[in-house]
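Worksheet: the structure to be examined is printed underneath.
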There are 2 protein chains.
Amino acid sequence: MAEKKSEEFQGFGLDQHLCFAIYKANHAFNRFYKPVMKQLGITYPQYITLLALLEKDHQRVSELGERLFLESNTLTPLLKRLEEMGFIARERSKEDERQVIVSLTKEGRDLSDGVIDVQHCAFSNLNVPVETIGQLVEQLNDIQEMLTDAKEKVSG
Amino acid sequence: MAEKKSEEFQGFGLDQHLCFAIYKANHAFNRFYKPVMKQLGITYPQYITLLALLEKDHQRVSELGERLFLESNTLTPLLKRLEEMGFIARERSKEDERQVIVSLTKEGRDLSDGVIDVQHCAFSNLNVPVETIGQLVEQLNDIQEMLTDAKEKVSG
DNA sequence: TCAAACTAAATCGTACACGATTAATTCACG
DNA sequence: CGTGAATTAATCGTGTACGATTTAGTTTGA
């Protein structure tokens with residue numbers, strides 16, 4: 001079964017792989033953002049998390065997780081760090097004690113301006129028209145959805 | 001300085017961010033590949049590393065690092081695991097004892113077919129024409145380069 | 001010649017990421 | 001009601017990532 005496929009794909013070096021292109025671009029964003037984030041005192045995943053909370057405050061851990069494609073095993077420690085730094089508050093829901101509600105503190109909301117500066121900085125460093133970025137975002141989202149769907153079909 | 005920018009960008013939710021689209025797509029690839037990789041007994045970064053070695057065998061750690069945008073602090077343990085599993089060999093260069101040469105073993109090369117199956121699997125699950133993928137790869141590479149260059153200008 | 005500067009990989013500490021499990025709470029159904 | 005199933009976070013173990021430092025080896029220049 002693995003015999004003949006080689007011929008179709010053998011020529012594909014690392015650079016022709018979409019997964020590698022995405023891997024590299026992700027790395028590049030990470031590294032680009034890292035020093036800027038450092039000035040804000042947070043990491044890149046923490047930044048993404050705060051963005052999600054700026055968009056919608058008072059989310060449950062699992063709600064945030066759906067948004068960010070993460071689960072409690074990753075989020076819980078990350079959120080604890082954000083809490084320790086005073087950017088968010090975590091409290092168990094009164095209605096359902098299983099749930100933990102995550103909210104921005106005033107300090108967390110105040111980070112917003114810095115966060116927006118970061119976006120502006122990345123934006124202005126990309127010599128790419130806004131429409132192109134929009135298209136790219138759409139294409140990437142399509143691919144992400146296809147992979148997510150395919151994964152459910154193939155494994156579980 | 002951070003006052004007025006808010007207006008330009010305030011509307012940008014998480015979903016409009018290129019960095020988030022890339023982050024999501026990367027996640028999706030990771031999760032899609034993970035179960036397939038598991039059958040091969042390796043992780044996704046290990047897979048990428050093996051791909052790089054299939055492309056060019058007998059690389060130095062730092063050479064591999066340039067290719068994969070990783071450094072010895074990440075690569076050394078990863079390579080040690082691949083060595084323990086018998087897929088690669090690590091040996092110090094005779095000419096320069098500081099360098100460690102990484103080579104594929106027979107077992108490592110034999111993984112190639114499985115690796116190619118994985119590519120085929122991902123490929124056939126993406127309802128996207130090859131040309132579109134090629135374009136995407138180029139665009140992502142451009143963005144990666146711009147960010148890498150910008151990073152050098154801005155920070156270090 | 002030989003110490004200082006340089007280089008390559010390894011090591012260390014912290015922070016994600018995720019599969020698997022656990023603990024606490026709520027729900028559902030007899 | 002009450003107990004078992006389901007749900008929600010938290011915890012644990014392993015494997016990336018990466019900044020900073022360390023160790024070992026090489027090159028350079030006075």
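Each chain gets a letter, A, B and so on, in the order its sequence line appears, and its residues count up from 1. As the structure is a prediction and not an experimental result, all values here were calculated from the model.
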Are OP1 or OP2 of [N] and a side-chain N or O of [X] less than 4.0 angstrom apart?
| X | N | value |
| --- | --- | --- |
| Q46(B) | dG15(D) | no |
| K80(B) | dT14(D) | no |
| R92(B) | dT23(D) | no |
| K38(B) | dG15(D) | no |

Side-chain donor/acceptor of [X] to base of [N], under 3.5 Å:
| X | N | value |
| --- | --- | --- |
| R98(B) | dT26(D) | no |
| T76(B) | dA9(C) | no |
| S62(B) | dA8(C) | no |

[X] [atom1] - [N] [atom2] separation (whole Å):
| X | N | atom1 | atom2 | answer |
| --- | --- | --- | --- | --- |
| N26(B) | dA17(C) | CG | C1' | 11 Å |
| Q59(B) | dA9(C) | CD | P | 11 Å |
| E95(B) | dA9(C) | CD | P | 13 Å |
| K34(B) | dA17(C) | NZ | C1' | 7 Å |
| E84(B) | dT14(D) | CD | C1' | 13 Å |
| M85(A) | dA15(C) | CE | C1' | 10 Å |
| L79(B) | dG15(D) | CG | C1' | 13 Å |
| L64(A) | dT8(D) | CG | C1' | 14 Å |

Side chain of [X] - closest among [options]:
| X | options | value |
| --- | --- | --- |
| L70(B) | dA17(D), dT16(D), dA15(C) | dA17(D) |
| P45(A) | dA17(D), dA17(C), dA8(C) | dA17(C) |
| Y23(B) | dT26(D), dC18(D), dA17(C) | dA17(C) |
| V100(B) | dA10(C), dC18(C), dA15(C) | dA10(C) |
| H27(B) | dA17(C), dA9(D), dG19(D) | dA17(C) |
| V61(B) | dT16(D), dC18(C), dA9(C) | dA9(C) |
| E97(A) | dT26(C), dA20(C), dA17(D) | dT26(C) |
| S72(A) | dA15(C), dA17(C), dA10(D) | dA10(D) |

Which is true for [X] with a 4.0 Å heavy-atom rule: it touches a base, it touches only sugar-phosphate, or it touches nothing?
| X | answer |
| --- | --- |
| N73(A) | base |
| E63(B) | nothing |
| T74(B) | base |
| L75(B) | nothing |
| R81(B) | base |
| E71(A) | nothing |

Any heavy-atom pair between the side chains of R67(B) and D15(A) that's under 4.5 Å?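 Yes, side chains in contact.
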Excluding sequence neighbours, so at least two apart, what forms side-chain hydrogen bond (donor to acceptor under 3.5 Å, both in side chains) with E63(A)?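 If we apply the side-chain hydrogen bond (donor to acceptor under 3.5 Å, both in side chains) test to E63(A), skipping adjacent residues, the hits are K56(A).
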Given that L78(A) and S93(A) both sit by DNA chain C, which one's nearest nucleotide is further toward the 5' end?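 This one resolves to L78(A).
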Judged by atom type as modelled, is there a donor-acceptor pair below 3.5 Å linking the side chain of [X] to the main-chain atoms of [Y]?
| X | Y | result |
| --- | --- | --- |
| R109(A) | L104(A) | yes |
| R92(B) | R98(B) | yes |
| E55(B) | L14(A) | yes |

Plane angle bin for F20(B) and Y23(B) - parallel if under 30°, tilted between 30 and 60°, otherwise perpendicular: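 Aromatic pair Y23(B)/F20(B) classed parallel.
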Do E66(A) and S62(A) have a side chain donor and acceptor closer than 3.5 Å?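 Not at all, the side chains of E66(A) and S62(A) share no donor-acceptor pair under 3.5 Å.
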